[in-house]
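See structure below.
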There are 2 protein chains.
Amino acid sequence: MGFDPEHTKILRQVSLFAGLESQELQGILLAARLVQVEEDGYYFMQGDPAAGIFVLMEGRVKLVQVSLEGQQVLMRVVVPPGVFGVVSLLEGGEFPVSATAMQNSKALFWSAAEIQQIASSYPAVAMNTIRVLAEQVQDFQARFRELATERVERRLARTIIRLANQAGRKTAEGVLIDLPLTRQDLAEISGTTLYTVSRILSQWEERGIVQAGRERVVVRFPHGLVMIADDLP
Amino acid sequence: MGFDPEHTKILRQVSLFAGLESQELQGILLAARLVQVEEDGYYFMQGDPAAGIFVLMEGRVKLVQVSLEGQQVLMRVVVPPGVFGVVSLLEGGEFPVSATAMQNSKALFWSAAEIQQIASSYPAVAMNTIRVLAEQVQDFQARFRELATERVERRLARTIIRLANQAGRKTAEGVLIDLPLTRQDLAEISGTTLYTVSRILSQWEERGIVQAGRERVVVRFPHGLVMIADDLP
DNA sequence: CGCACCTTTGAGCTCGGTCAAGGGGCGTGG
DNA sequence: CCACGCCCCTTGACCGAGCTCAAAGGTGCG
């Protein structure tokens, strides 16, 4: 596969391939394989050898890490045109997380050998990878600091703000977080329990800040969330 | 500066420059500047424009991030020949942490422009950077998960094990963590308070697992720590 | 329309954070 | 060389945010 013009268009927006010429993109696209995974299916599992890199075209994917005792943490939600499996740039690694489709999803795939080849042919790709990873390091540093120093309510507010920036969609009622996230998911992102998330959302709903439903959060008063995140009155 | 043969020798072990020829290393070394910072001094402060990259030659450096309220988290301890300030590979960024000398320290320095130039001249350097960053991402993911799901005692055990791997020195009494870390520092790494760290170390000392002193921890029975970290009897 | 799964809410408890007080090592200056 | 003083460390007492467990109420899909 590889000739869908729609895909070329999306590839242009992929941070990993920024700064490449149309023709170069075409070549890269030719090497890709399209992988479809349906809801609750896996792109890969934690511990699998890092087989290759993915660029999400359609759907939603979550990256989850499980501890030995089976406790889960949701590391990241990927929306198109996001990249995941970057660790495949390195030889002999394994995936540190599992990648699950939250909805039916499509992703372009390059094997580890292919993407390593691409990165060495196009220095821009290597630099873009460095940028992507550096951003991830900073993001995790910030989340780590928050988890270490802040109360649950604040962390949850920041989580919702992040998700709104990433996957928010304006509707009549407010900004809809366009992801099918359960209370459990929100808890796993913010480092708390589903019960605490539920209680906090209920409070926020009473205060008119959000409107919450089954796997659904709409932000009605974004400034209210920011005030909680920054601990203002 | 740049002709100290000692430095060439150390540069060989720097992950960033792995796989380069002696001659290439010499060239890179020529472009470096030696920066000395004495105890409690700063290499850079959080928020400063990312001026360049450092390779620690002597001493100890800690990377600390401060929240708006002034709460600190210790992100990483750097020992020779560690790299810090990698974010300088990107244009226009700022340092997300402050880098403080825990002891009198020396580091080689390349300006952002220089290291960007080096990375584009030597693809191996770009690949090495990707490796370093990917490891950091995984490290923070793991620490994030631990902080989200595990008790303080376990997290502290893991912290001590990590530090022992990184800066452990065998002595007659056991493995000395060769870093001047206060209880406060240990608390900031593991996401707890200095009081809790103190209490736990006292317990461990009673059980013969460690020997603790002023800015000093010696691991006497490593297996005991591992058992705590893995939650075995 | 029934069932699986998601969500809400209550009650109780505990881990670990906070505050307070005092002890001890180490460097510095007299 | 000793003593003062600055940090660093320890320990106790208290308490509260949020976790756990339990039960019941919604929601939407097949």
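Keep in mind that what you see is a predicted model, and the values were worked out from it rather than measured. Order of the sequence lines fixes the chain letters, A, B, ..., with proteins taken first and strands second; residue numbering starts at 1 for each chain.
Across all strands, Ser198(B) comes closer than 4.0 Å to base atoms (heavy-atom distances). When heavy atoms are screened at a 4.0 angstrom cut-off, Leu194(A) is found touching base atoms of the nucleic acid.
Rounded to whole angstrom, the span from the CD atom of Glu39(A) across to the P atom of dG28(D) amounts to 15 Å. In this structure, Arg216(B) places its CZ atom 13 Å from C1' of dG25(C), rounding to the nearest Å. Put simply, CD on Glu215(B) is 9 Å from C1' on dC7(D), counting in whole angstrom units. Atom CG of Leu156(A) is separated from atom P of dC19(D) by 11 Å (rounded to the nearest Å). Remark: C1' of dA17(D) and CZ of Arg155(A) are 11 Å apart, rounded to the nearest angstrom. dT7(C) atom P lies 17 Å from atom CD of Gln203(A), rounded to whole Å. Rounding to whole angstrom units, CD of residue Gln211(A) and P of dT8(C) are separated by 12 Å. Rounded to an integer number of Å, the gap from CG of Leu147(B) to P of dG18(D) is 14 Å.
Judged by distance alone, with hydrogens and angles left aside, Arg199(B) brings a side-chain donor or acceptor within reach of the base of dT18(C), the pair sitting under 3.5 Å.
In the displayed structure, Glu38(A) atom CD is contacted under 6.0 Å by at most 12 heavy atoms of other residues, nucleotides or ligands.
Remark: the Gln65(A) side chain and the Arg145(B) side chain contain an N/O donor-acceptor pair separated by less than 3.5 Å.
Aromatic rings of Tyr43(B) and Phe109(B) (six-membered ring for Trp) have centroids beyond the 6.0 Å cut-off, not under it.
Nearest-nucleotide assignment on DNA chain C puts the 5′-proximal partner with Val152(B), out of Arg214(B) and Val152(B). Where Tyr195(A) and Arg151(B) each meet DNA chain C at their nearest nucleotide, the meeting point lying more 5' is that of Tyr195(A).
When atom types are taken as modelled, the side chain of Arg155(B) and the backbone of Gly191(B) share a donor-acceptor pair closer than 3.5 angstrom.
At dC6(C), none of the side-chain N or O atoms of Arg183(A) fall inside 4.0 Å of OP1 or OP2 (strictly under the cut-off). Regarding contacts with the backbone of dC19(D), a side-chain N or O of Thr196(A) is found under 4.0 angstrom from either OP1 or OP2. Contact annotation: Thr192(B) reaches the phosphate of dG17(C) (side-chain N/O to OP1 or OP2, under 4.0 Å).
Phe84(B) does not carry Arg76(B) over the face of its six-membered ring by the limits of under 6.0 Å from the centre and within 45° of the normal.
Of all nucleotides listed (dT20(D), dT7(C), dT11(D)), dT20(D) comes nearest to the side chain of Thr193(A).
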